[in-house]
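Quantities reported herein were computed from a predicted structural model and do not represent experimental measurements.
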Amino acid sequence: MAGAAAARATVGARERILESAYELFSRRGIRAVGVDEVISSASVAKATLYRHFRSKDELVLAFLQQREQLWTKDWVETEAKRRAETPEAQLLAIFDLFDEWFQKEDFEGCSFINILLETNDRLHPVGHASAVHLENIRTVLRTLAEEAGLREPEQFAHSFHILMKGSIVAAGEGDRGAARRAQAMARLLIEQHRSPIDER
């Protein structure tokens, strides 16, 4: 019984640390948030944090993994598929999601972009992980493009991702209509990549 209770406490502490790190890193980035602030927010001892995460970088990597699960997979990918039936419509639905996101007062931007720019080093483990998580978004886009029968799905995914990232940055500047403008350009991009048989 004592061992089970200790195991639950260990899991609970790790979850609290990750929850606190997620809230702080997603809103303020990684440089502005120190380990001591995460410890205080999670109400754990410093030794507890370092028992679960050997360094701040390791904590940031865990945060990025959690962000991919919650943001990329559970929200962007899953919700776009829930809202639209065809692959083309699912691609465009991403900007419907973004439009709602951009209107929120607590809009926090893209953590993968923010941390990649903060790190400014793609060879650093954190910078590399940020780039990989961005690449994983393009994989989702490429898969939808392939399912839609679009030409050059890899090139399409890169171009579509530029629209996504650009609209996020524009929203960060205060442009709350950025998603709608990006969606209009996305429609043109889809038209450009339709196969000849679809154009007839």
Side-chain angles (χ1 to χ4, degrees), residues 14-30 33 38 41 59-119 126-148 150 153 156-187 189-190:
R14 188 179 192 279
E15 288 176 347
R16 289 201 310 276
I17 293 167
L18 270 176
E19 285 174 3
S20 295
Y22 190 94
E23 179 70 18
L24 293 166
F25 291 158
S26 63
R27 303 209 175 285
R28 291 169 45 205
I30 58 173
V33 177
V38 176
S41 177
L59 178 59
V60 173
L61 293 173
F63 157 71
L64 289 170
Q65 290 177 338
Q66 186 179 34
R67 182 70 173 181
E68 178 172 81
Q69 182 62 50
L70 296 177
W71 192 87
T72 304
K73 296 179 180 178
D74 294 350
W75 185 58
V76 174
E77 185 175 9
T78 300
E79 187 63 15
K81 289 182 177 180
R82 188 187 71 81
R83 293 191 182 199
E85 293 185 3
T86 68
E88 280 191 17
Q90 289 164 8
L91 284 163
L92 293 173
I94 291 172
F95 291 108
D96 292 329
L97 296 174
F98 276 19
D99 187 53
E100 295 168 11
W101 184 34
F102 295 169
Q103 311 312 313
K104 294 183 177 180
E105 291 300 324
D106 61 352
F107 167 69
E108 74 279 30
C110 174
S111 294
F112 307 137
I113 295 173
N114 296 342
I115 292 176
L116 179 63
L117 296 178
E118 277 191 276
T119 307
V126 169
H128 175 73
S130 299
V132 168
H133 287 301
L134 286 167
E135 183 180 347
N136 291 344
I137 295 171
R138 287 194 296 277
T139 298
V140 173
L141 301 175
R142 185 181 66 245
T143 299
L144 287 173
E146 290 169 347
E147 291 173 354
L150 300 181
F156 172 86
H158 276 275
S159 298
F160 197 95
H161 200 201
I162 288 172
L163 295 178
M164 289 174 63
K165 291 181 287 189
S167 69
I168 291 170
V169 173
E173 293 181 75
D175 180 3
R176 297 201 173 190
R180 290 302 171 199
R181 276 185 279 281
Q183 188 179 59
M185 289 185 279
R187 292 182 190 278
L189 183 65
I190 289 172

| task | Go through the side-chain N and O atoms of Glu108 and Trp101 and say whether any donor and acceptor fall under 3.5 Å apart. | result |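 A donor-acceptor contact under 3.5 Å links the two side chains.
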| Is it true that the side chains of Glu118 and Asn114 contain a donor and an acceptor less than 3.5 Å apart? | no
| Are Val140 and Val76 close enough, and set up right, to give a side chain to side chain contact (heavy atoms under 4.5 Å, CB included), and what steps lead you there? | CA-CA 10 Å; Val140 173; Val76 174; 5.9 Å; no
Measure the [atom1]-[atom2] distance between [X] and [Y] for me, rounded to the nearest 0.5 Å.
X      : Y      : atom1 : atom2 : answer
Arg138 : His158 : CZ    : NE2   : 4.5 Å
Thr72  : Gln65  : OG1   : CD    : 12.0 Å
Ile162 : Met185 : CD1   : CE    : 11.0 Å
Leu189 : Gln183 : CG    : CD    : 13.0 Å
Ser26  : Leu64  : OG    : CG    : 11.0 Å
Phe63  : Ser111 : CZ    : OG    : 3.5 Å

| request: Check step by step if side chain to side chain contact (heavy atoms under 4.5 Å, CB included) holds for Leu70 and Trp75. | output: CA-CA 6 Å; Leu70 296 177; Trp75 185 58; over 6 Å; no
Any idea which heavy atoms bring [X] and [Y] closest together, and the distance?
X      : Y      : result
Leu116 : Gly127 : CD1-O, 3.4 Å
Ala145 : Phe156 : CB-CD2, 3.6 Å
Phe107 : Ile168 : CZ-O, 3.7 Å
Ala186 : Leu92  : CB-CD2, 3.9 Å
Pro87  : Leu144 : CB-O, 3.5 Å
Leu134 : Ile113 : CD2-CG1, 4.1 Å

| request: Please work out whether the ring planes of Phe95 and Phe98 are parallel, tilted or perpendicular, with thresholds of 30° and 60°. | output: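 Rings of Phe95 and Phe98: perpendicular, over 60°.
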Using only atom types and a distance under 3.5 Å, with no angle test, would you say the side chain of [X] pairs donor to acceptor with the backbone of [Y]?
X      : Y      : result
Ser167 : Met164 : yes
Glu88  : Ala148 : no
Arg176 : Gln103 : yes
Gln90  : Ala84  : yes
Arg27  : Asp106 : yes
Thr78  : Lys73  : yes

| Is Asp175 paired with Arg180 through a side-chain N to carboxylate O contact shorter than 4.0 Å? | no
| Run the salt bridge (Lys or Arg N to Asp or Glu O under 4.0 Å) check on Glu77 and Arg83 step by step: do they pass? | CA-CA 10 Å; Glu77 185 175 9; Arg83 293 191 182 199; over 6 Å; no
| Could you walk me through whether Arg181 and Asp99 pass the salt bridge (Lys or Arg N to Asp or Glu O under 4.0 Å) check? | CA-CA 10 Å; Arg181 276 185 279 281; Asp99 187 53; over 6 Å; no
Less than 4.5 Å apart, side chain to side chain, heavy atoms only: is that true for [X] and [Y]?
X      : Y      : answer
Ile30  : Thr119 : yes
Phe160 : Ile137 : no
Phe25  : Arg67  : no

| task | Kindly indicate, with the supporting measurements, whether the criterion salt bridge (Lys or Arg N to Asp or Glu O under 4.0 Å) is fulfilled by Arg82 and Glu79. | result | CA-CA 5 Å; Arg82 188 187 71 81; Glu79 187 63 15; 2.5 Å; yes
| In this structure, are over 12 heavy atoms from other groups packed under 6.0 Å from His161 atom NE2? | yes
